[in-house]
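Proteins come first, then strands; the chains are lettered A, B, ... in the order of their sequence lines, and each starts at number 1.
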Amino acid sequence: MENKDLAEIFSEISDILEIQESNPFRIRSFRRVAQIIENLGFNVARTVQEDPEKLRTISGIGEGAIKRIQEIVETGRSQEHEDLKNQIPPSLLTLLELQNLGPKKIKLFWETLNITTIDELEKAAREEKLRSLPGMGQKSEAKILKAIEDYRRIQGRFRLDDGIEITQALIEYLNSKVKVRRIAAAGSVRRRRETVGDIDILVTCHSPGEVIDAFVQHPDVREVLAKGDTKASVVLRRGLQTDLRVLEDESFGAALQYFTGSKAHNVALRERAKRMGYKISEYGLFRIVNGEKIGNGKKVAGEDEEDIYHLLNLSFIPPEIRENRGEIEKAEAGQLPDLIKLEQIRGDLHMHTKATDGRNSIEEMGDAAVKAKYEYIAITDHSKALAMTGGLDEERLLLHMEKIDQVSSRIPEIKLLKGIEVDILNEGELDLSDEVLSCLDVVIASIHSRFNLSRQEMTLRICRALENPYVNILAHPTGRLLTRREPYPLDLEQVIKTARENRVCLEINAYPERLDLNDLHCRMARDMGALISINSDSHSTEMLRYMQYGVFTARRGWLAAKDVINTYPLEKLRRVLRKEEYGV
DNA sequence: GCCGTTTTCGGCCCGACTGTTTTCAGTCG
C-alpha cells in the first residue's frame, strides 16, 4: 500500500467529519496525519509493521493514527472510515471541490433540499431554490453556478512551466504600466511545485489603486473575481486564477514569506514563532509583550524575508523546500542541504536527434550545448523497438556512433558522448545486444510500452533491466505524464535499491510534462544512497532549457550537486559511467 | 486527535474578502 492511498483515507475522514461539523481540532488532526503520510519519504504501511516506533516519533502522528494505519494495512480498510462513509452520501465529498463552497453550505443544501451531487446542485441553483436559504442570496446562487462551470472546465492544475511563463509575462506587464517598487511571485510558482493551482503576485508601489486597476484590465483577464484596496483576484483566459496583493514596503518580506507557503510550512513556522514569543502575519514578525493579543506587539521584521527566518534562529530556507518536510528542524540545526544550482550542471546526458524523433542534427545539438556553456553532452537516440520514432538497430547505431565522434572532434569546446536510450522489453531484456551496448559511453534504459503490468511484474521487469552491466541511467522511472497519465504501478524503493546495487543512476527527466522522478522520489533516492542524473530529454535545441525544471525538482528533493552526476567534471563522470565509482 | 520550556488538561495559526447581514458567517489562502 502506497502512502498516497493511506493519506487519502485520512483525508476523506476529515472531509466527512467537516461536513458533520465535528470538533474542528480533531478534523485538523486527521488532515495533518494525511499530509504527513503523503510527504514521508518511506513506505508507511511497511514501517508500521516493522518498526511502529519510528512513526510514533513523528510529531502529529499519535496513538490513534498508528492504530488506524495498522488496521488499514491488515484489513485493507478502516472501519471508522467505512462507518463515516455510510453516514453521508459519498458524492457530497465531490461538492467540496467547488470553489467558495465549503462543508457548512454543503450540509445546509443536503439537509434542506436533499442535494447530494453537482448535477442536483446545479438544478436547484437554476430553479432559484438556493437563494431563500439562510445566508444565501441571488449572488451566492450565481457564484455556485459559476463554480460548477469552472469545475467542469478546468478540473485540475497547470504545469509549472506554464505557471512560470504566465507569471513572468504578468510581472513585465505590470512593470510597464505602473511604477512599482518591488514585485515578486509567491505561492507554488516560487516554490517550483511541479504543478500550480494559481498564481500569487506581490507588489509595493505608491499608488495601489493604479496597479490594481492595471491588473484587472490586463487583456488576458477573463473575469474579475474580487477587487479591493489591497487585493484583486482574476481568472485568466487560460483558466488560471491569479491574485495580486499590494503591500507596504515595510511588510513586503513578511508577505513574501507568508504567501510563498506552503501552508504546512507556515503553520509550523507560526507555531515556532509563538513558542518564542513572536507572532507572524503577512505584515511582519511581532514581539508579543505581556501575552497581549492581536493588534499588539512590536514589529521586529517585515521588510525582508531573510530577517524573519534569522530572528527565529533559523538559517534561510529556500522556497523550494518549504513543505514542512523537516526543513525547519534542519534550518535550526544549521544542517540544510546545499541545494544544487543550475550553474552547477556541466552537461546533459539525454537528448535525441534527427536520427530518430528529434528535430535537430547532432551538430546543431552540439552547438546549442556550447551556447548553454556545457562541457559535455550525450546523444541518446531511441532503439529499434520504438519503430514509430525510427529507432536505431545495431547496424545504424554503429554508424551513428561514428558520426557522433566526428562531430565531437569538430567542436573542441565540448565533448559529445555516444549514448542510446534503449527500450526495456517485455521481460526486462534490452532492445540491443550487449556487444553494441558495451561500445557506448552512456546507456539509458527506459519503458515505452506495456504500462498495464501489475506492480510486481513492472518492478521485476525494470530491476532485471538494471542488472544489465551496461545500463547507466534509468530514464523517467515512473512513466507519469503530468495532468495526463498516472505513473505505472511500481515498487520504487525496490527499484532504487537495485539501481544502487548495480551502480545505475536514476533520472530526473526535466521535461516539464514528466518531472520524473518527482521531488519526493528524489529525496528517497538520495536517502537510500542512489545517484541522480538530471536530463532534458530534448527533442530539439530549444528544449535544452528544460534542464531548469529538473533542477527545480532536484532542489525540492533536497539534492546537492554531489548527488547529481552531471555536475561532475568529465573524468569523474566517466568513472561513474564505467561503474568504477559510485557515491560520495 | 495530538501535544507538553505554561499545561497530562486545555488549547490548538491568522487575516481579507464577499455576501448576507445591521454585526457576522463562510470560505479561502
Checking A:E71 against A:Q79: is there a side-chain donor and acceptor pair closer than 3.5 Å? no
Take the protein atom CZ of A:R31 and the nucleotide atom C1' of B:dG29, then report the distance between them rounded to whole Å. 14 Å
Atom-to-atom span, CG of A:L244 to C1' of B:dA16 - whole angstrom: 14 Å
Please confirm whether the shortest side-chain N or O distance from A:K67 to OP1 or OP2 of B:dG1 is below 4.0 Å. no
Test applied, side-chain hydrogen bond (donor to acceptor under 3.5 Å, both in side chains); reference residue, A:R556; option that passes from A:E323, A:E320, A:E194: A:E323
Which part of the nucleic acid does A:K263 contact within heavy-atom distance under 4.0 Å: base, sugar-phosphate only, or nothing? base
Atom-to-atom span, CG of A:L17 to P of B:dC2 - whole angstrom: 13 Å
Classify the nucleic acid contact of A:L269 as base, sugar-phosphate or nothing, counting any heavy atom under 4.0 Å across all strands shown. nothing
Base, sugar-phosphate or nothing for A:R68? Non-hydrogen atoms, less than 4.0 Å. sugar-phosphate
Verdict with reasoning, A:R322 to A:E305, per salt bridge (charged side-chain N to carboxylate O under 4.0 Å, His left out): CA-CA 13 Å; A:R322 295 183 194 170; A:E305 195 183 38; 2.8 Å; yes
Does A:K227 reach a base, just sugar-phosphate, or nothing at all? Heavy atoms under 4.0 Å. sugar-phosphate
With a 4.0 Å cut-off on heavy atoms, is A:Q138 in touch with a base, just the backbone sugar-phosphate, or nothing at all? sugar-phosphate
Using a 4.0 Å heavy-atom cut-off, does A:A273 contact any base of the nucleic acid, only the sugar-phosphate backbone, or nothing at all? nothing
Work out how far the P atom of B:dT23 is from that of B:dC17, and round it to whole angstrom. 23 Å
Do A:R68 and A:S78 meet the criterion of a side-chain donor-acceptor pair at a distance under 3.5 Å? no
Choosing from B:dC17, B:dG1, B:dG15, which nucleotide comes nearest the side chain of A:K279? B:dG15
Check the distance between B:dG1's C1' and A:Q20's CD and give it to me in whole angstrom. 15 Å
Please state how far atom CG in A:N23 lies from atom C1' in B:dG10, giving the value in whole angstrom units. 12 Å
Under a 3.5 Å limit on both distances, the Watson-Crick or wobble mate of B:dT8 is none
Rounded to whole angstrom, note down the C1' distance from B:dG15 over to B:dG10. 25 Å
Donor-acceptor pair present, A:Y258 side chain and B:dG29 base, under 3.5 Å: yes
From CG of A:L225 across to C1' of B:dC17 the rounded distance in Å is 11 Å
Give a yes/no on whether any side-chain N or O of A:T230 is located under 4.0 angstrom from OP1 or OP2 of B:dC17. yes
Sugar-phosphate, base or nothing in reach of A:N266, heavy atoms under 4.0 Å: nothing
Report yes or no: do A:D519 and A:T553 form a side-chain donor-acceptor pair below 3.5 Å? no
Phosphate OP1/OP2 of B:dG1: any A:R26 side-chain N/O under 4.0 Å: yes
Using a 4.0 Å heavy-atom cut-off to protein, can you give one letter per nucleotide of nucleotides 22-28 of chain B, 5' to 3': B if the base is in contact, S if only the sugar-phosphate is, - if neither? ----SSS
Write down the distance separating the P atoms in B:dG11 and B:dT6, rounded off to the nearest Å. 15 Å
Any base atoms under 4.0 Å from A:S59, or only sugar-phosphate, or nothing? Heavy atoms, all strands. sugar-phosphate
Say we look at B:dT21 and B:dC14: how far apart would their C1' atoms be, to the nearest angstrom? 23 Å
In whole angstrom, give me the gap between the C1' atoms of B:dT27 and B:dT20. 14 Å
What's the gap between B:dC3 and B:dC13 when it is taken at their P atoms, as a whole Å value? 13 Å
For A:P134 and A:I280, find the nucleotide of DNA chain B closest to each by heavy atoms; which residue's nucleotide sits nearer the 5' end? A:I280
Answer with base, sugar-phosphate or nothing: what part of the nucleic acid does A:F25 contact at a heavy-atom distance below 4.0 Å? base
Flag this pair as yes if the NZ/CZ of A:K298 is under 6.0 angstrom from the six-membered ring centre of A:Y278 and inside a 45 degree cone about the axis; otherwise no. no
Quick one: do the A:D307 and A:H310 side chains pair a donor with an acceptor below 3.5 Å? no
For A:R28 and A:G228, take the nucleotide of DNA chain B holding the closest heavy atom to each; which residue's nucleotide lies nearer the 5' end? A:R28
Expressed in angstrom and rounded to an integer, what is the separation of A:I58 atom CD1 from B:dC3 atom P? 10 Å
Pairwise C1' distance for B:dC12 and B:dG19, with rounding to whole Å: 29 Å
Could you tell me whether the side chains of A:Q217 and A:D213 share a donor-acceptor contact shorter than 3.5 Å? no
Hey, are A:N266 and A:Q257 close enough side-chain-wise for a donor-acceptor pair under 3.5 Å? yes
No-hydrogen, no-angle side-chain donor-acceptor test under 3.5 Å, A:E53 and A:T57: no
Quick one: A:E282 CD to B:dC14 P, roughly how many Å, whole number? 11 Å
